[in-house]
S.K.: 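So that we are looking at the same thing, I have put the structure below in structure tokens.
One is the number of the first residue; the rest follow in order along the sequence. These values consider heavy atoms only, across backbone and side chains, with no hydrogens, waters or symmetry-generated copies. Since the model is a prediction, treat every value here as computed from it, not as a measurement.
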Amino acid sequence: MPRAPPVCELVPCIVVPVLSVSNCPFCCHLPACDCVWSGWIDVSYPDGSDRNSGDYETFENIWKNDPSWECAKVENISCRAEKFPNTSLADIGQKVECNVNVGLICNNSEQKPGGMALIPVCLNYEINVCCTPNKTECLPPPSTTSTTASTASSTTGSVSPPISTTAPTPPSSTTPIPTTTTT
């Protein structure tokens, strides 16, 4: 008795029972859309002689440094000081912003002597981001741009090359990951 092949969409996958599934060329395979860690990225180095400088491991700076870098959506981020890779940002003692919306920002002008840094300038930081693959089946459907300002915090950020000055609409998330700011 002939069997119809399974009908596959992103979710759900409807499978019609078959006698044997070995060597099934039509078996459902969900796309590999799990985020992938980038490895540690360090494209900026703080200028200790300039109080208006800092360390800016932002997605914009990563693209400027490597235009081929692709990250469809940042799902998670990890930030660390290069010289203290096993020390939490809170224990470093510097004011640092690390989040999935921009990357890492450390401004020399916001630093005070103390903690791991003996002088009031940013340490050199690096980031590791978990990115959703840049595949059509992995990306959320396009959303309309809103003209109202929002202060909602999001744990998932859409990442695209900096070509527009309009603010992106924050996507929704089910697992909150707080933005880390230490002083």
S.K.: Looking only at non-hydrogen atoms, find the nearest pair between Ile127 and Ile62 and report the distance.
M.R.: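 In terms of heavy atoms, the two residues are closest at CD1-CD1, 3.8 Å.
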S.K.: Hey, could you give me the SG/CG distance between Cys71 and Asn134, rounded to the nearest 0.5 Å?
M.R.: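 These two atoms lie 8.5 Å from each other.
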S.K.: Is there a side chain to side chain donor-acceptor pair (under 3.5 Å) between Ser68 and Asp66 once you walk through the steps?
M.R.: CA-CA 5 Å; Ser68 67; Asp66 182 7; 2.6 Å; yes
S.K.: Please report the closest heavy-atom contact between Glu126 and Glu82, naming both atoms and the distance.
M.R.: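 It is OE2-CA, 4.1 Å.
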S.K.: Set out, in order, the CA-CA distance, both residues' side-chain angles and the distance that settles side chain to side chain contact (heavy atoms under 4.5 Å, CB included) for Asn124 and Asp42, then state yes or no.
M.R.: CA-CA 8 Å; Asn124 187 40; Asp42 184 4; 2.6 Å; yes
S.K.: Going through the distances and angles, do Phe59 and Val100 end up as a side chain to side chain contact (heavy atoms under 4.5 Å, CB included)?
M.R.: CA-CA 9 Å; Phe59 305 129; Val100 297; 5.6 Å; no
S.K.: Step by step, would you call Asn128 with Ser38 a side chain to side chain donor-acceptor pair (under 3.5 Å)?
M.R.: CA-CA 6 Å; Asn128 189 6; Ser38 64; 3.3 Å; yes
S.K.: Testing Gln111, Glu97, Glu57 for side chain to side chain contact (heavy atoms under 4.5 Å, CB included) with Cys106, which one passes?
M.R.: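 Among Gln111, Glu97, Glu57, the one that satisfies the side chain to side chain contact (heavy atoms under 4.5 Å, CB included) with Cys106 is Gln111.
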S.K.: What's the shortest heavy-atom distance between Cys122 and Pro46, and which atoms?
M.R.: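 Scanning both residues completely, I find the closest heavy atoms to be O-CG, 3.3 Å.
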S.K.: If every non-hydrogen atom of Gln94 is compared with every non-hydrogen atom of Leu123, which pair is closest and at what distance?
M.R.: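 Taking Gln94 first and Leu123 second, the nearest heavy atoms are OE1-N, 3.0 Å.
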S.K.: When you group the ILVMFWY residues by side-chain heavy-atom contacts below 4.5 Å and let the links chain together, are Ile77 and Val43 in the same group?
M.R.: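 Linked, Val43 and Ile77 end up in one cluster.
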S.K.: What about Met116 and Tyr125, same hydrophobic cluster or not, with Ile/Leu/Val/Met/Phe/Trp/Tyr joined at side-chain heavy-atom distances under 4.5 Å?
M.R.: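 Met116 clusters together with Tyr125.
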S.K.: Examine Trp63 and Tyr56 and state if one hydrophobic cluster contains both, with Ile, Leu, Val, Met, Phe, Trp and Tyr joined whenever side-chain heavy atoms are less than 4.5 Å apart.
M.R.: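 Each belongs to a different hydrophobic cluster.
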S.K.: Does a side chain donor of either Asn107 or Ser109 reach within less than 3.5 Å of an acceptor in the other side chain?
M.R.: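 Note: Asn107 and Ser109 side chains miss the donor-acceptor criterion.
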S.K.: Is a salt bridge present between Glu75 and Lys73, judged by a nitrogen-to-oxygen distance below 4.0 Å?
M.R.: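 A salt bridge is present here (some side-chain N lies under 4.0 Å from a carboxylate O).
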S.K.: Flag the pair Arg80 / Pro85 as yes when at least one side-chain heavy-atom distance between them is below 4.5 Å, and no otherwise.
M.R.: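 In contact.
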S.K.: What's the shortest heavy-atom distance between Leu104 and Thr58, and which atoms?
M.R.: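 Minimum heavy-atom separation between Leu104 and Thr58: O-CG2, 3.7 Å.
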S.K.: How long is the gap from SG on Cys131 to CD on Glu70, to the nearest 0.5 Å?
M.R.: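 The distance works out to 10.0 Å.
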S.K.: Might you point out which heavy atoms bring Pro133 and Cys33 nearest each other, and give the distance in Å?
M.R.: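 Closest pair (atom of Pro133, atom of Cys33, distance): CD-O, 3.7 Å.
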S.K.: Once rounded to the nearest 0.5 Å, what's the spacing between atom CD1 of Ile92 and atom SG of Cys79?
M.R.: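 Rounded to the nearest 0.5 Å, the CD1-SG separation comes out at 11.5 Å.
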S.K.: Would you kindly confirm whether Ile41 and Val74 end up in one hydrophobic cluster when ILVMFWY residues are joined by side chain heavy atoms under 4.5 Å apart?
M.R.: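 Yes; Val74 is reachable from Ile41 via cluster members.
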S.K.: To the nearest 0.5 Å, how far apart are CG in Asn65 and OG in Ser44?
M.R.: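 Answer rounded to 0.5 Å: 10.0 Å.
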S.K.: How far does OG1 of Thr87 sit from CG of Leu89, to the nearest 0.5 angstrom?
M.R.: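 With rounding to 0.5 Å, OG1 (Thr87) is 9.5 Å from CG (Leu89).
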S.K.: Can Asp50 and Asn108 be counted as having a side-chain donor-acceptor contact under 3.5 angstrom?
M.R.: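 The answer is no; no qualifying pair exists.
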S.K.: How long is the span from the CG atom in Asn61 to the CG atom in Asp55, to the nearest 0.5 Å?
M.R.: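 Result: 9.5 Å between the selected atoms.
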S.K.: Kindly indicate whether the side chain of Val129, heavy atoms from C-beta on, has any atom under 4.5 Å from the side chain of Asn76.
M.R.: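 Contact flag for Val129/Asn76 side chains = no.
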